[in-house]
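Reading through the structure tokens given below for one structure.
Excluded from the calculations below are hydrogen atoms, water molecules and symmetry mates; all remaining heavy atoms, backbone and side chain alike, are included. Only a predicted model underlies this, so the values are computations on that prediction, with no experimental measurement involved.
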Amino acid sequence: MELKSTSFGKHLAQHPYNRVRLLNAGVEVSGDKHHYLIPFNQLIQIRCKRGIVWGELEFELPEQKVVRLHGTEWQETQRFYQYLLNIWQTWSQEMSGVSAGVLHGQIEKITQIEQQDKWFKRADLADVQKDIQEAFSAVPVPVERLNDFDNCRDDYQTCLRWLEQGKRSVTQRNLAWTERVIADNRDFFDTVEVSPLNESQCRAVVNGEDSVLVLAGAGSGKTSVLVARAGWLLRRQEALPEQILLLAFGRQAADEMNTRIKERLHTDGIKAKTFHALALQIIQEGSKKAPKISKLETDAKARRSLLIKTWQQQCAEKKVQASGWRQWMTDELEWTVPDGDYWKNKSLAERLGSRLERWLSLMRMHGGSQAEMIESAPEEVKDLFTKRIRLMAPLMKAWKTALKDEGAVDFSGLIHQAVNILEKGRFVSPWKHILVDEFQDISPQRALLLSALRKLNKHTSLFAVGDDWQAIYRFSGAELSLTTAFATNFGEGAQCALDTTYRFNDRIGEIANKFVQQNPHQLKKPLNSLTKGNKKNVVILPDEQMEKLLDKLSGYVTADERILVLARYHHLRPQILEKAATRWPKLNLEFMTIHASKGQQAEYVIIVGLHEGNDGFPAAARESLLEEVLLPEPEDFMDAEERRLLYVAMTRAKHQVWLMQDKERPSVFVEQLEDIGVPVQRKP
């Protein structure tokens with residue numbers, strides 16, 4: 001059966017198509033020079049329209065394409081249209097049954113996903129969407145028509161939702177599963193730690209993405225979440241104890257983690273390691289060698305002694321060195337350097353010792369030659385930077401000589417060797433799950449070790465807890481961007497937040513949170529306290545009131561309560577503490593730098609050294625040109641890391657914080673603290 005345009009209609013229409021012929025399962029539209037075959041499985045709609053005289057047939061195709069036939073006699077057009085429509089609809093109804101079968105098979109897979117008793121990973125969404133696309137391509141009608149059939153409509157809409165709103169569907173599905181699994185396993189979450197886990201902790205523990213970052217403010221139970229995560233993997237039989245790797249950033253932290261794991265999970269199979277212990281294991285198993293770690297890496301006293309002794313020897317033996325170091329300290333550090341043999345000055349040497357360690361560490365982490373370091377410096381400072389590198393060169397040589405004499409390697413060399421072994425595939429990883437504490441302290445070198453380890457087994461998951469508000473180790477190579485851009489660096493996964501602090505009251509939390517979030521680049525997160533405070537839980541005092549403050553504390557602080565005195569630098573230790581043992585013998589007083597206080601807590605915290613200028617707090621963005629060139633780019637906010645450092649100091653306290661200011665030259669932080677409501681008092 002066919003339909004043709006009339007001669008006059010063809011002449012007036014001036015259209016490429018003037019004839020349509022019905023085929024077995026389609027139509028053929030043609031003209032003098034054009035030909036178009038339209039199978040029924042590409043036909044979305046057929047429309048019949050009437051013009052002033054003639055009829056018009058319109059065939060709608062996918063992607064909004066339309067083929068039209070003009071100039072046909074109207075009565076014939078109607079008859080052809082009705083006949084064609086009946087045949088096409090009969091065919092469509094038959095094909096809808098086939099389509100329903102294809103869609104139903106896909107719905108069964110989606111139903112299994114929605115009902116399975118495990119987390120559905122976002123990474124698996126791509127596979128589901130691919131299956132849906134393949135199912136759509138397997139139906140014998142255009143996908144756009146599936147919504148027209150009663151036996152296909154519901155299944156099609158479900159598939160379409162997973163295809164177009166996949167992430168939302170996964171989120172809704174996982175949320176429902178999370179609520180159900182937490183309720184079903186309430187006994188575990190109530191007993192895995194000393195105190196029952198709260199809802200945000202539980203949600204973080206059960207999150208099953210391959211890469212999970214848990215952002216947790218001070219005192220919010222990061223370690224509890226790590227312990228519970230390990231216990232959850234065991235409970236769900238997702239891993240054996242030896243398949244779980246716990247990583248910490250220090251030997252003491254790793255030991256504490258092991259003790260906690262043993263007490264709470266009753267297993268010796270999970271062993272927390274430092275990154276360096278992990279590197280050592282990889283080297284030993286991957287190369288059958290047992291490198292020795294230099295005692296200089298583990299003995300801070302010996303390390304500083306070597307550097308100071310070398311520095312003093314260089315100054316004593318070489319006038320150029322003595323002159324260069326004097327200029328460095330006076331011009332750049334703005335120190336007052338004594339006349340004569342200044343290097344013999346004990347307090348000056350002690351003050352410089354920590355800087356020597358820092359600068360040497362930066363040079364070691366750079367890993368390149370002196371020439372490569374110098375080449376990396378901007379042209380406008382290259383000459384001065386060259387002088388600094390040459391002053392440090394004897395210390396670097398002394399360090400390498402000491403390592404050679406020991407037959408040992410330092411930490412940087414250890415991790416470098418381990419990464420090489422992993423990249424060459426010489427190590428078989430036994431771990432399915434890697435759990436990392438204090439992730440904000442990670443450096444590019446440690447991140448490279450993690451990435452290389454995960455590449456050995458693409459199914460190895462990474463679960464990290466950290467706090468970008470406590471990122472204070474840029475000077476030692478830590479890069480905050482590895483945390484803030486976690487998904488970019490370690491794969492798309494999930495980011496969770498712990499929203500409750502168990503350490504300090506809400507007043508300390510309010511002030512600390514407001515202060516650190518004055519930097520708009522810090523990641524936002526809630527942190528609620530379980531205990532109420534008052535306006536005087538955080539107070540600014542003149543530094544000359546230190547003695548009276550300790551007198552007052554001696555009247556009510558009990559022997560089992562701890563008082564931490566914190567400063568930006570070790571040499572700012574208050575002189576009055578020299579007589580504390582006899583003046584206030586019952587007070588449990590301890591002094592340390594703020595960096596050293598990380599991970600500590602005390603009932604009371606006194607922060608000293610809030611002054612501007614030389615050795616002030618906040619410190620300069622960089623103390624040395626060496627740091628400016630070798631450290632990562634500073635953050636785009638004034639005193640960003642120093643602000644986090646004060647946050648760390650304040651959040652060590654459970655009950656009370658005193659900030660001791662120099663009234664003659666107050667720190668800029670004092671005014672900023674006043675602006676957010678911290679009261680200033682004349683006396684305690």
Quick check: do [X] and [Y] have side-chain heavy atoms less than 4.5 Å from each other?
X	Y	answer
Leu37	Leu23	yes
Gln45	Trp88	yes
Trp91	Asn24	no
Val128	Val170	no
Ile676	Gln518	yes
Phe490	Leu213	no
Val192	Arg235	no
Phe486	Leu462	yes

Looking at [atom1] of [X] and [atom2] of [Y], how far apart are the two atoms once the value is rounded to the nearest 0.5 Å?
X	Y	atom1	atom2	answer
Arg47	Glu60	CZ	CD	4.5 Å
Ile113	Trp177	CD1	CH2	14.5 Å
Arg173	Thr178	CZ	OG1	8.0 Å
Asn528	Thr501	CG	OG1	9.5 Å
Ile508	Asn513	CD1	CG	11.0 Å
Leu215	Ser200	CG	OG	12.0 Å

I'd like to know whether [atom1] of [X] has more than 12 heavy-atom contacts from other residues, nucleotides or ligands below 6.0 angstrom.
X	atom1	answer
Arg180	CZ	yes
His35	NE2	yes
Gln93	CD	no
Tyr83	OH	no
Asp117	CG	yes

Quick one: do the [X] and [Y] side chains pair a donor with an acceptor below 3.5 Å?
X	Y	value
Ser461	His433	yes
His416	Gln445	no
Gln112	Glu114	no

Is there a donor-acceptor pair under 3.5 Å between the side chain of [X] and the backbone N or O of [Y]?
X	Y	answer
Arg644	Ile472	no
Gln201	Asn198	yes
Trp469	Leu523	yes
Arg426	Ile421	no
Asn258	Ala272	yes
Gln42	Pro39	no

Considering only distance and modelled atom types, tabulate donor-acceptor pairs under 3.5 Å from the side chains of residues 154-162, sequence neighbours left out.
residue	atom	partner	partner atom	Å
Gln157	NE2	Asn147	OD1	2.7
Thr158	OG1	Asp154	O	3.1

Q.
Test side-chain contact (heavy atoms from CB on, under 4.5 Å) on Gln601 and Phe504; report intermediate values, then the result.
A. CA-CA 9 Å; Gln601 64 179 19; Phe504 43 81; over 6 Å; no

Q.
Give me each pair satisfying ring-ring contact (aromatic ring centres under 6.0 Å, His included) with a member in residues 184-222, each pair once, sequence neighbours excluded.
A.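 Residue pairs passing ring-ring contact (aromatic ring centres under 6.0 Å, His included), neighbours aside: Phe188-Trp232, Phe189-Trp232.
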
Q.
Going by ring-ring contact (aromatic ring centres under 6.0 Å, His included), name the pairs with one or both residues in residues 93-119, residues two or more places apart or in two chains.
A.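 Applying ring-ring contact (aromatic ring centres under 6.0 Å, His included) to every pair that reaches into residues 93-119, excluding sequence neighbours, yields nothing.
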
Can you name the closest pair of heavy atoms from [X] and [Y] and give their distance?
X	Y	answer
Ala248	Ala254	CB-N, 3.8 Å
Ala218	Arg652	CB-NH2, 3.7 Å
Phe439	Val436	CD1-CG1, 3.8 Å
Glu641	Ala471	CG-O, 3.8 Å

Q) Looking at Leu234, Leu233, Leu435, which one forms a side-chain contact (heavy atoms from CB on, under 4.5 Å) with Ile270? A)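 It is Leu234; the other options fail the test.
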
Charged N to carboxylate O under 4.0 angstrom, [X] versus [Y]?
X	Y	result
Lys121	Asp127	no
Asp639	Arg643	no
Asp441	Lys598	yes

Q. Between Leu450 and Ile442, is a side-chain contact (heavy atoms from CB on, under 4.5 Å) present by the stated rule, with each step listed?
A. CA-CA 10 Å; Leu450 270 184; Ile442 196 165; 3.7 Å; yes

**Q.** Ring centres under 6.0 angstrom apart (Tyr17, Phe59)
**A.**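 Distance test on ring centres: not under 6.0 Å, no.
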
Under 3.5 Å donor-acceptor pairs involving side-chain atoms of residues 219-231, not counting sequence neighbours:
residue	atom	partner	partner atom	Å
Ser220	OG	Gly217	N	3.2
Ser220	OG	Gly217	O	2.5
Ser224	OG	Arg260	NH2	2.9
Arg229	NH1	Val205	O	2.7
Arg229	NH1	Asn207	O	2.5
Arg229	NH2	Asn207	O	3.2

Q.
Using the rule given for side-chain contact (heavy atoms from CB on, under 4.5 Å), can you reason through Val141 versus Phe149, listing the C-alpha separation, both sets of side-chain angles and the distance that settles it, and then say yes or no?
A. CA-CA 11 Å; Val141 297; Phe149 306 124; 4.1 Å; yes

Q) Mind checking what makes side chain to side chain contact (heavy atoms under 4.5 Å, CB included) contact with Leu456, not counting sequence neighbours? A)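 Per chain and number, Leu456 pairs via side chain to side chain contact (heavy atoms under 4.5 Å, CB included) with Leu422, Phe427, Ser429, Leu453.
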
Q | All pairs passing salt bridge (charged side-chain N to carboxylate O under 4.0 Å, His left out) where residues 502-525 contributes a residue, at least two apart | A |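 As it turns out, the salt bridge (charged side-chain N to carboxylate O under 4.0 Å, His left out) pairs with a partner in residues 502-525, which skip direct neighbours, are Asp467-Lys525, Asp468-Lys525, Asp506-Lys532, Arg507-Glu510, Glu510-Lys514.
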
Q: Would you please classify the geometry between the Phe275 ring and the Phe249 ring as parallel, tilted or perpendicular, with 30° and 60° separating the classes?
A: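 The rings of Phe249 and Phe275 sit tilted, inter-plane angle from 30° to 60°.
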
Q. Passes side-chain contact (heavy atoms from CB on, under 4.5 Å), Asp150 versus Arg153? Steps please.
A. CA-CA 5 Å; Asp150 293 340; Arg153 186 177 300 113; 2.9 Å; yes

